[in-house]
Amino acid sequence: MFRTALRNVLAHKARLVMTVLAVCLGVSFISGTLVFADSSAAAYRAAASQNFSDVAVSVTPKDPPAGTAAGSAPPALDDALVRKLAGVAGVASVHPSADGAAVLNASDGTPLRADRTWANLGGAYVPGHDGKDSRHPLTEGRAPHNSREIAVDSGTADAGGLRVGDTVTVATDGPVMTERLVGIVSTKDSRVNAGGTLTLFDKATAQRLYASPGHYTGIDLSAAPGTDQYELSERVTGLLPADRAEATTGTAQADQQAINVDASNSGYEKMPMIFAGVALFIGSFLVVNTFTMLVTRRTREIALLRAIGADRRQVVRSVLLEALLIGLVASAAGFLLGLGIASVLPDILGTTGDALPKGPLVIGARPVVAALGVGVGVTVLAAWLPSRRAARIAPVEAMRSAQQPASAVASRRRGVVGLVLLVLGVPRPQPRPS
């Protein structure tokens with residue numbers, strides 16, 4: 001029965017190609033989407049890890065306990081704490097920050113990426129001993145020096161059509177401000193590179209907007225070579241007021257940021273999955289129709305198999321085995337096509353301003369299992385009803401000639417007769433009356 005099924009598959013190459021193509025398209029969208037999702041998640045994690053590559057420990061303020069009056073305890077993150085943390089053994093450098101949200105207008109006056117509130121960031125340009133902020137290297141212009149000046153990242157400047165010297169409207173939690181753009185910086189922040197914006201103020205302005213004068217919203221510590229970040233976190237925790245500040249490792253920060261960015265972009269996976277469902281739905285009807293026609297044309301052949309001893313179960317297994325072979329071929333072809341789809345989806349779904357992260361394709365077990373399960377499953381299930389019809393063919397059908405295809409000679413004779421009748425049936429022109 002296996003050899004019979006294999007011979008039948010190879011004997012109907014045209015229908016085989018149509019069926020494989022129908023299933024292949026659905027499998028390719030599913031496997032491609034899953035590979036794209038895994039690859040994007042890995043790219044986001046890599047971007048987040050790069051963003052926190054120089055951060056061993058982050059110090060952030062704690063929320064006050066419920067019922068505590070506002071302002072009853074002074075903020076813990078100030079310049080005194082910065083100096084204290086700089087003296088901890090294993091700390092290589094200290095980078096205080098004053099961060100929050102900021103939405104700015106593009107050159108045409110419209111809010112820039114206002115729908116991405118989770119990634120519209122505002123912060124402080126905090127220069128070090130060399131006068132530069134290593135987290136925000138300047139690529140053009142200079143750093144902001146007063147409350148009327150700002151700097152933005154290069155992606156934001158390109159998306160908004162902004163140039164150094166432009167006047168920009170900026171909105172934070174407070175009143176709307178009109179600022180002068182004096183500098184453009186680069187950043188490794190995965191939230192900004194995933195489609196957000198970054199607006200930098202001078203340190204005093206950022207503290208006033210996002211914390212309070214002289215205080216910060218966070219302090220990042222980089223570790224000296226050979227220092228374990230978990231041990232450094234414990235040392236730092238011992239110096240912090242337990243009720244007002246806490247320390248978190250850079251690895252934990254990177255993991256949380258990757259989860260947040262990945263969740264915000266999960267909608268990119270929905271559209272390809274919709275196409276996959278439509279393709280498989282249509283493909284299942286094509287598979288049913290194909291096997292129905294094959295069973296109809298092979299009625300006499302199946303009857304002969306029944307006559308020489310094949311039972312109904314063997315006939316059903318034979319048809320399903322054909323479907324299994326076709327499903328395997330379609331799954332393999334669809335998976336390979338899906339890899340191509342996964343490689344181009346970042347360019348299709350991303351835009352110039354909201355580019356998706358790119359990285360090597362990540363091929364895990366999930367897309368492979370899905371390709372085989374969907375491709376083989378849809379094909380076999382679609383062929384089940386035709387196989388039941390095939391099992392009901394009685395051996396006596398082999399005695400009938402109605403299902404035998406006409407010979408070439410008979411076909412030619414019918415063609416000649418039809419042509420003669422057509423000629424005889426053509427109306428002749430009638431003579432005009434005199």
Rounded to the nearest 0.5 Å, how far does [atom2] of [Y] lie from [atom1] of [X]?
| X | Y | atom1 | atom2 | value |
| --- | --- | --- | --- | --- |
| K203 | R208 | NZ | CZ | 14.5 Å |
| S28 | L336 | OG | CG | 10.5 Å |
| T178 | R180 | OG1 | CZ | 14.0 Å |
| L221 | T249 | CG | OG1 | 12.0 Å |
| L372 | L328 | CG | CG | 7.0 Å |
| S93 | L85 | OG | CG | 12.0 Å |

Closest contact, heavy atoms only, [X] versus [Y]:
| X | Y | value |
| --- | --- | --- |
| V176 | A171 | CG2-CB, 4.2 Å |
| S31 | A371 | CB-CB, 4.3 Å |
| V59 | L77 | O-CD2, 3.6 Å |
| R244 | A76 | CB-CB, 3.9 Å |
| G183 | L138 | CA-CD2, 4.4 Å |
| T379 | G327 | OG1-CA, 3.7 Å |

Sub-4.5 Å side-chain heavy-atom contact between [X] and [Y]:
| X | Y | result |
| --- | --- | --- |
| L162 | L104 | yes |
| L324 | V376 | yes |
| S58 | V55 | yes |
| L337 | F335 | no |
| I150 | V170 | yes |
| Y125 | P144 | yes |

Taking side chain to side chain donor-acceptor pair (under 3.5 Å) as the test, write out the residues that go with T251, two or more places apart. Q229
Tell me every residue that passes side chain to side chain donor-acceptor pair (under 3.5 Å) with T197, counting only those two or more places apart in sequence or in another chain.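 Applying side chain to side chain donor-acceptor pair (under 3.5 Å) to T197 gives N120.
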Who pairs with [X] by side chain to side chain contact (heavy atoms under 4.5 Å, CB included), at least two apart in sequence or on another chain?
| X | value |
| --- | --- |
| A204 | D202 |
| D99 | S97, T217 |
| P111 | V103, N105, A114 |
| V164 | E140, I184 |

Evaluate the criterion side chain to side chain contact (heavy atoms under 4.5 Å, CB included) for residue pair L232 and V91; output intermediate values, then yes/no. CA-CA 8 Å; L232 183 59; V91 173; 3.7 Å; yes
With sequence neighbours left out, which residue pairs that include part of residues 160-172 fulfil the side chain to side chain donor-acceptor pair (under 3.5 Å) condition?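 Output for this query is empty, none listed.
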Could you list all the side chain to side chain donor-acceptor pair (under 3.5 Å) pairs where at least one residue sits in residues 146-157, not counting sequence neighbours?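 Checked against side chain to side chain donor-acceptor pair (under 3.5 Å) - neighbours excluded - the pairs reaching residues 146-157 are R142-E149, D153-T156.
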Any donor-acceptor N or O pair under 3.5 Å, side chains S186, T139: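 There is no such pair between these side chains.
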Could you note down all residue pairs passing salt bridge (charged side-chain N to carboxylate O under 4.0 Å, His left out) where residues 76-93 supplies at least one of them, sequence neighbours left out? none
For residues 125-137, pull every pair meeting salt bridge (charged side-chain N to carboxylate O under 4.0 Å, His left out), keeping only residues two or more places apart or in separate chains. D133-R135
Set of salt bridge (charged side-chain N to carboxylate O under 4.0 Å, His left out) partners for E246, sequence neighbours left out: none
List for me each residue that meets salt bridge (charged side-chain N to carboxylate O under 4.0 Å, His left out) alongside E231, sequence neighbours excluded, and say none if there are none. R235
What's the verdict on salt bridge (Lys or Arg N to Asp or Glu O under 4.0 Å) for R366 and D38, showing C-alpha distance, side-chain angles and the deciding distance? CA-CA 9 Å; R366 186 174 63 152; D38 293 342; 2.8 Å; yes
Donor-acceptor pair, T237 side chain versus S233 backbone, under 3.5 Å?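 Present.
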Are the side chain of T205 and the backbone N or O of F201 linked by a donor-acceptor pair below 3.5 Å? no
Side chain to side chain contact (heavy atoms under 4.5 Å, CB included) between V152 and V185, intermediate numbers included: CA-CA 6 Å; V152 299; V185 303; over 6 Å; no
Would S134 and H95 satisfy side chain to side chain contact (heavy atoms under 4.5 Å, CB included), going step by step from the backbone distance to the final call? CA-CA 9 Å; S134 60; H95 300 281; 3.4 Å; yes
Between T199 and L121, does a side chain to side chain contact (heavy atoms under 4.5 Å, CB included) hold up when you go through it step by step? CA-CA 6 Å; T199 306; L121 309 180; over 6 Å; no
